Each structure stands twice: as structure tokens, then as C-alpha cells.
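A quick write-up on the structure given underneath.
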Amino acid sequence: MSLIRIRLRQGHRTLPLDSDVPQLPEGFRGRPRIDPARCADGCRDCADSCPTAAIRLDGVPRIDLGRCVFCQDCVEACPQGAIEYTRDHRLSARTREDLENPERVRLAALDERMLRMFGRSLRLRHVSAGDCSACGAELQALGNVVFDLARFGVQFVASPRHADGLVVTGPVSANMRLALEKTWAAVPEPKIVIAVGACAISGSPFAGSPSAGDGASGVVPVDLFVPGCPPHPLTVLDGLLRLLGRIEDGRR
Amino acid sequence: MTAARNGESVAVQDVDSLPTEGLQDRIAQEVEAGRRIAMLFGITLPGERRLVAVLADDAASRLAISSSRVEDRFPSLTPACPQAHYFEREIFEQIGARPEGHPWLKPVRSHQDDYPFFEVTGEEIHEVAVGPVHAGIIDPGHFRLQCHGETVVHLEIQLGYQHRGVEALLEQGPSRRWALLAECAAGDTTIGHALAHAEVVEALAGCAPPPRAHALRGLALELERIASHVGDLGALGADIGYLPGAAWFGRLRGEFLNTLAELSGSRYGRGLVRPGGVALDLSGEAARGIARRLVRARADLEDVAGLFFARPSVRSRLEGTGVLTRETAERLGLLGPVARACGLERDVRADHPTGIFGAVLLPMCTADTGDVLARAQVRWAETRRSLDFLTARLAGLPEGPARVACGPPAPDRIAVSMVEGWRGEIVHVAITGADGRFVRYKIKDPSFQNWTGLALALRGAQISDFPLCNKSFNLSYAGHDL
């Protein structure tokens, strides 16, 4: 009886996704924004403070979302208060270049042939390749009752032979490179690769380390980049569902 | 040896220097007398290599530091003092000085040569190899279970796949990357490692963070602990097929991560702890919001845990599985909930308190059966203690600034900082050179010492118990591999 009572008390917790802008906490750090109008001439304080060299100041100042770890350092360093985080969690892109664009680029879905195959059923294999375990933990959270990834027909599977694609986290450490290559080779064609987190996109804090790599795209062809350190589960979900053509701007 | 305390720095020239054998004898004596090796590592300097030892006297809240010049070979301490075994393997790998007589001198992280796996031979012995890429969302590691029938005779764990070179990157600078690298040492222990780093830098810079910063750091550290412990209980539920536990603990873990996001803007507390204090302050309204949220989460959690621990099907699966004796845990120098589940009373928050824990005592939680059930019970007891702590702190946060400026580290000093992360004792040791930069930055995640505990817990166990035992330890690959 106590089980039933507790079951009722626990309630139904799955997050409805009827809007593409869910409720996130007040201080949630989503897409960062620089207001160039406020920049003082020759000021480099934000770029100099950035731990991952994500800020470019030639031309329009912009933040490379593929390197950004969404910390507070540039916000604190800017004497003009020109940098702020919005709560926009929709960050994913199909190409590395789109992540360097200060405006959000509409994320194109897979082509029609791929959508026919994967649109309603996508099986993924996770390869952790030098991540700090935070990205992996958020991928795991996608499977809990709140995010319930399986309701969209997306599942993580236990073998590359059962998978339609890989999710790679981490900069691809030297000691994981071979394992990643072999896992990728074991996935039947056609297949996709999703790079999750700043490390998997650019190596981020580990870029240039001889023991770590500069991200997944140096090893396998990447179809979807999901920025963040680690990305919020909703950011990963948003990227996946857009890739599968399940959400477009303003509607699902 | 030179006396020190957690979170204090000492001038390098004041550190006691002994001949290698003298240092080894001294460590063996101290360990015999009840002290622990908190850290033992090598350092390569221009023209010489040195060993540095940090011993912890838990009863007296004191540390002792000593160093010794070392040549290509030195007599291994491990036969006399088993808790040195993993440190000596790391020393051999990092500075090339060979501990002669070490019984198990194998790579720690390096994959340059073939790993010399121990082989059990005999009729009907078979081997099961798993990893590095596992059948789930888990970090990579390679496990070889040598079995006789269903019984595990020997488990060998080869790690290093996640090695990113964190220590080397910290030594190169620039300093603006330090805090981020510390956070990424083990991403699920962001607060624990960021705090250890901040305290080591503050000790070197002579910076004293304000009381409000200490309180907010304490909140974040305990939220991280609760989220992880609750997640671990859910993972145990999933592994034994008790799905209400898996689903509800899993959901509640997210509740605590979201609470940490209220505090820091990130579910893992990224960007919060920085030398000098915390980067984000908490408004009174937000603190009250968090307190209300915790009341609701706690009520749900008590329901689920009450159900979980009362279920005969749950208890019978966890009882007597993966037993470690107190003696083994002590000899190996195990840490955190794993050690406390064997009855060892060691917890940095009580033994070597810094920050808020200097003012507020968190009672230690132990169990004595050393099995999966004991590890689960310790996690649940600690969760409740931490919830009490959070509720009390939120009701009376100190006023004032949450951060002060922290200058650069002073030159030619060594500092040790220890933090009780959710897996146990995290240690960061930093040594600065004449220019104030790190000539050595050494990190120890508790997993470094605890992985051997997992291997030994499996001896004589059923191979089908491996996943459950592994979950009950839930050690960090990233924190070990660095």
C-alpha cells in the first residue's frame, strides 16, 4: 500500500515540451550576447579573461560557442557590462562555422532519406573520449523520467552494431582515439555523429594538450554540434529534435 | 617532517628534507602509528628529482610534509606499507624513478606499452574482458575478470583512457584557465575540485575569503554531495531491477542539480567557486526559494528511501555483496563513503576542517558491514545530514561580500588543500617557483586510491555482482586519469 501511496505522491514528472522555450532557472546561462555598441575602442578585457580563447574581437566581437564554457569570467571582466547571458538554451548547429556566428542559425534537419530512416527511431551509442564526466552525466539524465528521451524514439544502445550513430563527448584523448575509430567503424552505414560539449567540439580547455585532442571532428565526421560545458539536457534534446525535423522554430 | 595544516602554505626551503631511505622509514613508522599517506608524488626539477610526502594525522587535524632527493631507483615502501602502492606506481610513471621491490609495478595512465595483465591459469579458468567502451553511458575503462565458473578469482582494472594532462596544463598556465581545469578534473565533482583549487591558491596568495563565501561554498559542496548520493541510490535501484527506486531517485537527483543551478547558473556548479570566494552571490529571495525547494524534495526523498531500504528484495540483494573488511580498507588507505562503510572514521570535514566546516560540525556517518548495503546506507545517512546542514545554513547566511580579490601565488611555497568531496578526500598540492608559477600541481581524486578497493571487493564474488559492486563504489575515471 505504501508503494501505491508514494507512487501517487510522486506524481507525473515528465516535462511537457509543448513550447520550444521551457522554463529554466533565473540565472541559467544560455546563449551569451555581446553588445558591440558598448565596447570601448581597443578594449580586449573580455578576450583576455576568457579561459578558452572563445572571444574574437576582429570585426564584430563574437563568442565562439564551440569553445565557450559559459563561465562568468568575461561578464565580470567587461568594464562596460556589454556581455550578458540570455536564457536561450537552443545552441546546437550543423556546422562548426555556424557556432561562431553571433546570431542563431536555423538548424537544418537531416536530408529526406536520412529522416525516413531515423526520423522516428534513432539508436545512439555513447563514446566518452576524455570527457570530465559532466557531459556523460547529462546524457544519462536525458533518460530519466523528466526528460524521457525514449518518448521521441531516441535511445542509447549497448553496441555500435545496434546503433545509427555515435554521441561523442570529450576532446578525444590520445588513449581513446583508437577506441573511437573502431567504434565508429563498427556502426553500420548510413550513420551520424553528434559531438556534445565544448571539449568534443573544439578541445576547449584541453586544446593543445598532447594527451588530449581538439575535438571529435578531427577523428570522425560530425553532423551535429551541441555546445555547453556541459550542455543542459534540454539543449541536447533541442539539437536532436531539430536534427530529426521534430521541432522547428515556433512549433513542434 | 614539517608540520602544516589543511589550507596552509609553507616556504619550500622550510620543508624537511631527508635521504630517500630515511623518508621511507619515516613514512612507514608514521603509518604504523596511525597516520595516513594523503599524498606521495614525484617532481622533476632542473638537475634533480624529488619525492614529496604529505601525511595526515586525522586525530590531531595536522599534516606533515617532507621531501627527499631521489635517483633512478629507490627501495619501494609498498611491501611494508601497502597504501603507498598506487602512489609509487604513479611516481615511476611520472618521473621515472623506479621503486625497487614493488610487487605490482604497472602503468597507471600510460598506454605506451602493452599492459601486463596478471593471468590466472588452470583448468576451467576463463577470462571476461569489458571495455573501454561500455554498454551504457559510462566513462571508459578496461576490466578483466578472471573467473572459475561464476566466481571471480581476480579483477584487474586498466585505466588511463580519459587522460587529458590536467596537471601538466595547470603547470603551463595561463592562470585564467586554472579554475576551469580544476573544475574539469572530475566534472561530477566540480565543486569539490574547484574548492580544493581555490583553497590552495588562497593559501599561496595569503587570501582569506569572507564568511559569506565560506557559507555559499559549503552549500554548493553539500548540494553536489546530495545530488550524487541520491543518483547513486537510483543507479543501485536500476541495477537490481527495483524500478521505483531507479525512477524516483533519478528524478530527485535532478531536483538537487537544479537547485545547484539556482545557486550557480549551472547544474554542476560550473563557474561558481573561484579563488577569493564565489563568483555569484545569492539574493535573500533566492535563498528562501532554495530552502522551500529543499523541503519539498526532502519529503519526496524520505518516502522513496523509506521504501527502498525497507524492501526485503532490495536488502537481500545488497546484503553481503561486495564485502570489504575494515582491515583491507585501512591497509589500502581507502577514502570517503567506501571507507566509512567499512567502519573507518575518516572525513575531511570533521578531521581537517576548513571554511564553513571549521565553524559547523557535520557528524560522521559510518556503517560496519563493508558491503553494498553499507555503502548505500552511508550515502543515505550523509544525504540526510547534508540536508540538515543546508536548511540550517540557508536560515542564517552571513552578511557581507561573497568574494574578495585574491592576488597571485607567492613564490617558492608549497600548499596542501584537502576537501571532502562526495567520493571522499580530494587533495590538491601546489608548489610555486621563484616566479610564482606552479612548478608542480598535483591532484588526487579519492578514486585514485579507491579503484583498488573495487578490485579487491570482487575477489571471490559472483561475476554477475560486478555491475552492482561497481555502482556501489561509483568511482571517477576522469578524476583518476586526469
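Please read all numbers here as calculations on a predicted model, not as lab measurements. Every chain is numbered from 1, with letters handed out A, B, ... down the list of sequences.
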> Which pair of non-hydrogen atoms, one from Ser128(A) and one from Gln162(B), has the smallest distance, and what is that distance?
Replying inline: OG-NE2, 2.8 Å

> When rounded to the nearest 0.5 angstrom, what distance separates CE in Met176(A) from NE2 in His163(B)?
Replying inline: 14.5 Å

>> Restricting to non-hydrogen atoms, name the atom on Arg177(B) and the atom on Pro51(A) that form the minimum distance, rounded to 0.1 Å.
In response: CD-O, 3.3 Å

>> Using heavy-atom distances under 4.5 Å, tell me whether Ser264(B) contacts chain A through its side chain, its backbone, both, or neither.
In response: backbone

> If you count heavy-atom pairs under 4.5 Å with chain A, which of Arg270(B), Arg109(B), Arg164(B) comes out on top?
Replying inline: Arg164(B)

> side-chain contact (heavy atoms from CB on, under 4.5 Å) with Ala194(B): which residues, sequence neighbours excluded?
Replying inline: Glu183(B), Val273(B)

> Taking it one step at a time, do Phe206(A) and Leu181(B) satisfy side chain to side chain contact (heavy atoms under 4.5 Å, CB included)?
Replying inline: CA-CA 8 Å; Phe206(A) 304 111; Leu181(B) 286 165; 3.8 Å; yes

>> For Ser266(B) versus Arg29(A), what's the shortest heavy-atom pair and its separation?
In response: CB-NH2, 4.1 Å

>> I need the minimum non-hydrogen distance between Ser133(A) and Asp139(B), along with the two atoms involved.
In response: CB-OD2, 3.5 Å

> Checking Arg403(B) against chain A: side chain, backbone, both or neither under 4.5 Å from a heavy atom?
Replying inline: side chain

>> Quick test of your reading of the model: are Arg13(A) and Asp300(B) salt-bridged, counting only N-O distances below 4.0 Å?
In response: yes

> Contact part of Arg267(B) toward chain A, heavy-atom cut-off under 4.5 Å: side chain, backbone, both or neither?
Replying inline: side chain

>> Report, in residue-number order, which members of residues 274-285 of chain B are under 4.5 Å from chain A by heavy-atom distance.
In response: Arg274(B), Ala279(B), Leu280(B)

> At their closest point, which heavy atom of Asn175(A) faces which heavy atom of Tyr161(B), and how far apart are they?
Replying inline: O-CD2, 3.3 Å

> When rounded to the nearest 0.5 angstrom, what is the spacing between SG in Cys71(A) and CG in Leu272(B)?
Replying inline: 12.0 Å

> Hey, which of Asp48(A), Leu180(A), Val146(A), Val172(A) has the most heavy atom pairs under 4.5 Å with chain B?
Replying inline: Asp48(A)

